[in-house]
Protein chains: 2
Amino acid sequence: MHDHAETHDAAGCCGGDAEGAIARAERICRERDLQFTRLRRDVLAAVAAQTRPLGAYDIAERLSEPGRRVAAVSVYRALDFLTEQGFVHRIASRNAFVSCGHAHSDGAGLVFLICRSCGTIDETTSPEVEHQLGRTLAKAGFKPVSRILEVEGECEACLGRPTEA
Amino acid sequence: MHDHAETHDAAGCCGGDAEGAIARAERICRERDLQFTRLRRDVLAAVAAQTRPLGAYDIAERLSEPGRRVAAVSVYRALDFLTEQGFVHRIASRNAFVSCGHAHSDGAGLVFLICRSCGTIDETTSPEVEHQLGRTLAKAGFKPVSRILEVEGECEACLGRPTEA
DNA sequence: GTCAGGGTGATACACTGTAACACTCCGGCA
DNA sequence: TGCCGGAGTGTTACAGTGTATCACCCTGAC
């Protein structure tokens with residue numbers, strides 16, 4: 001769907017490859033001796049099926065069906081777990097979540113690219129940005145623990161076809 | 001209160017100098033032929049009196065007094081105006097607002113330093129980070145319109161006195 | 001005087017997120 | 001077998017964040 005390569009590790013990131021993301025999460029949970037329950041799997045699947053971010057209530061609605069009501073609060077708990085493990089990321093500027101296949105140790109160094117035309121969220125990293133940011137923080141005497149870097153604009157695909165919504 | 005110089009333009013930024021921030025905003029509004037109404041002034045004053053971010057409902061509460069009830073809706077409208085003009089900034093990770101004395105053209109290039117101990121929000125810029133980020137985005141074929149960069153951690157002052165909350 | 005536009009007040013509502021408590025399931029242990 | 005404790009989930013309630021809508025007021029233009 002959005003294949004400008006080389007900003008990404010490989011396949012399976014940021015939606016579009018739900019199976020891959022789930023398989024990866026399942027494996028990592030086994031390694032870490034954590035429970036990859038049905039709810040957690042379903043929430044991850046819902047998020048991973050999208051390239052645009054989903055709100056918690058969206059997810060709850062998608063998972064609910066006749067005979068199974070999934071409350072938002074349950075979704076939040078699952079999302080807490082999934083973000084802690086690095087399987088999904090929270091987009092602060094949207095109050096929404098996207099999945100991420102390549103589980104970075106701690107979510108450090110990520111840059112989110114949010115297209116305001118198609119809503120797709122892409123994800124990349126930049127050691128150079130990280131390096132300069134580290135220098136800037138050191139100069140300010142600030143010891144970082146976590147950070148968010150979200151850029152809104154036009155993605156490559158949408159720039160190619162200017163008049164499509 | 002937090003004076004590690006050189007990350008800032010000068011005085012009057014990020015709270016602590018409400019009068020300066022208000023005077024500056026008033027002047028700029030005159031230049032731009034915009035209305036700097038009482039509500040907008042009061043909202044800016046409330047935000048500028050703090051180094052930690054205020055929520056819209058906090059602000060509404062502070063401005064309300066016997067005989068004058070300020071609704072959150074009104075505060076939001078004032079905040080919209082103030083952020084558009086660059087007098088205050090929204091902290092996405094906190095859903096809250098801080099004031100900024102030096103009105104950058106468009107809020108570009110800012111880095112927010114959020115101390116998780118004392119809650120103070122400091123603000124700096126880094127041309128090097130900006131430059132590297134620009135290169136990263138160009139490589140991804142992404143055309144940026146706006147961005148947020150917020151770092152959470154320990155500020156210099158709190159690092160100096162480790163066991164104070 | 002009328003009219004239009006910007007700003008504000010007020011009510012209602014949608015969306016986002018958390019607290020608290022009860023229940024189930026499962027593994028360990030006497 | 002029965003008990004126990006912890007993790008996960010369901011449920012209700014509620015707090016916090018943000019927007020839609022309409023009415024009203026003021027001001028400046030004609």
Side-chain angles (χ1 to χ4, degrees), chain A residues 25-26 29-30 32-47 50 52-85 87-98 119 148 150, chain B residues 25-26 29-30 32-47 50 52-85 87-98 119 148 150:
Chain A
E26 200 155 16
C29 282
R30 254 198 314 273
R32 299 181 187 168
D33 202 26
L34 298 169
Q35 299 186 46
F36 194 58
T37 63
R38 177 184 171 200
L39 179 66
R40 292 172 178 176
R41 179 169 39 76
D42 289 351
V43 169
L44 177 58
V47 174
Q50 299 284 322
R52 53 208 84 196
L54 279 181
Y57 280 68
D58 279 339
I59 298 170
E61 203 172 313
R62 276 159 201 259
L63 297 188
S64 292
E65 47 187 18
R68 185 195 189 197
R69 189 179 100 81
V70 177
V73 68
S74 299
V75 173
Y76 275 109
R77 283 188 290 230
L79 286 171
D80 283 345
F81 171 84
L82 296 171
T83 51
E84 264 169 32
Q85 302 306 319
F87 303 146
V88 312
H89 298 298
R90 182 184 153 74
I91 305 298
S93 60
R94 298 287 179 105
N95 292 325
F97 300 82
V98 293
I148 61 175
E150 299 172 10
Chain B
E26 200 155 16
C29 283
R30 254 199 314 275
R32 298 180 187 169
D33 202 27
L34 298 170
Q35 299 185 45
F36 194 58
T37 64
R38 178 186 171 201
L39 180 65
R40 291 170 180 179
R41 179 168 42 74
D42 289 351
V43 169
L44 178 56
V47 174
Q50 300 284 323
R52 53 208 84 196
L54 279 181
Y57 281 68
D58 278 340
I59 298 170
E61 204 172 312
R62 276 159 202 258
L63 296 187
S64 294
E65 45 188 18
R68 185 196 189 196
R69 190 179 98 84
V70 177
V73 186
S74 301
V75 173
Y76 275 110
R77 282 189 290 231
L79 286 170
D80 283 345
F81 172 84
L82 296 171
T83 50
E84 264 170 30
Q85 301 306 319
F87 303 145
V88 312
H89 298 298
R90 182 185 154 74
I91 305 298
S93 60
R94 297 288 180 105
N95 292 325
F97 300 83
V98 292
I148 62 175
E150 300 172 11

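We name chains A, B, ... by the order of the sequence lines, and we start the count at 1 in each one.
To the nearest angstrom, P of C:dC13 lies 17 Å from OH of A:Y57. Protein atom CD of B:Q35 is 11 Å distant from nucleotide atom C1' of C:dT8, rounded to whole Å. The interatomic distance linking A:I59 (CD1) with C:dC15 (C1') rounds to 14 Å, in whole Å. In this structure, A:L79 atom CG and C:dT16 atom P are separated by 12 Å, rounded to whole Å. Following rounding to the nearest Å, B:L34 (CG) and C:dG7 (C1') show an atom-to-atom distance of 13 Å. In this structure, A:D33 places its CG atom 14 Å from C1' of C:dC26, rounding to the nearest Å. Between B:F81 atom CZ and C:dT8 atom C1' there is a gap of 14 Å when expressed in whole angstrom units. Whole-Å rounding puts the A:F97 CZ to C:dT16 C1' distance at 9 Å.
Distance check, rounded to the nearest 0.5 Å: CZ of B:F97 to CG of B:L44 gives 13.0 Å. To the nearest 0.5 angstrom, B:Q85 atom CD is 8.5 Å from B:R40 atom CZ. In this structure, the separation between CG on A:L63 and CZ on A:R38 is 9.0 Å, given to the nearest 0.5 Å. Atom CZ of A:R41 and atom CZ of A:F87 lie 13.5 Å apart (nearest 0.5 Å).
Near DNA chain D, defined here as any heavy-atom distance below 4.0 Å, the residues from residues 36-46 of chain A are A:T37, A:L39, A:R40, listed numerically.
A heavy-atom distance below 4.5 Å is not found between the side chains of A:E150 and A:R94.
At the heavy-atom level, B:V70 lies nowhere under 4.0 Å from the strands shown. No engagement by A:R68 is indicated, since no non-hydrogen atom pair under 4.0 Å with the nucleic acid exists.
Put simply, A:N95 has a side-chain N or O that comes within less than 4.0 Å of OP1 or OP2 on C:dG17.
Summarising the geometry of A:L82 relative to A:V43, their closest heavy-atom pair is CD1-CG1, 3.8 Å, with the distance given to 0.1 Å. Here the closest non-hydrogen pair linking A:A56 and A:L79 is CB-CD1, 4.1 Å.
Along DNA chain C, the nucleotide closest to A:R77 and the one closest to A:G55 are compared, and the more 5′ of them pairs with A:G55. Comparing A:D58 and B:A78 along DNA chain C, the residue whose closest nucleotide (by nearest heavy atom) sits nearer the 5' end is B:A78.
Among the nucleotides C:dG7, C:dT16, C:dG9, the one closest to the side chain of B:S74 is C:dG9.
Where DNA chain D meets chain B (any atom under 4.0 Å from a heavy atom), the bounding nucleotides read 5' to 3' are D:dT17 to D:dT21.
Note on A:D58 versus A:R52: no salt bridge recorded, every NZ/NE/NH1/NH2 to OD/OE distance being 4.0 Å or above.
Taking the salt bridge (charged side-chain N to carboxylate O under 4.0 Å, His left out) definition, one finds that A:R30 meets it with nothing, sequence neighbours left out.
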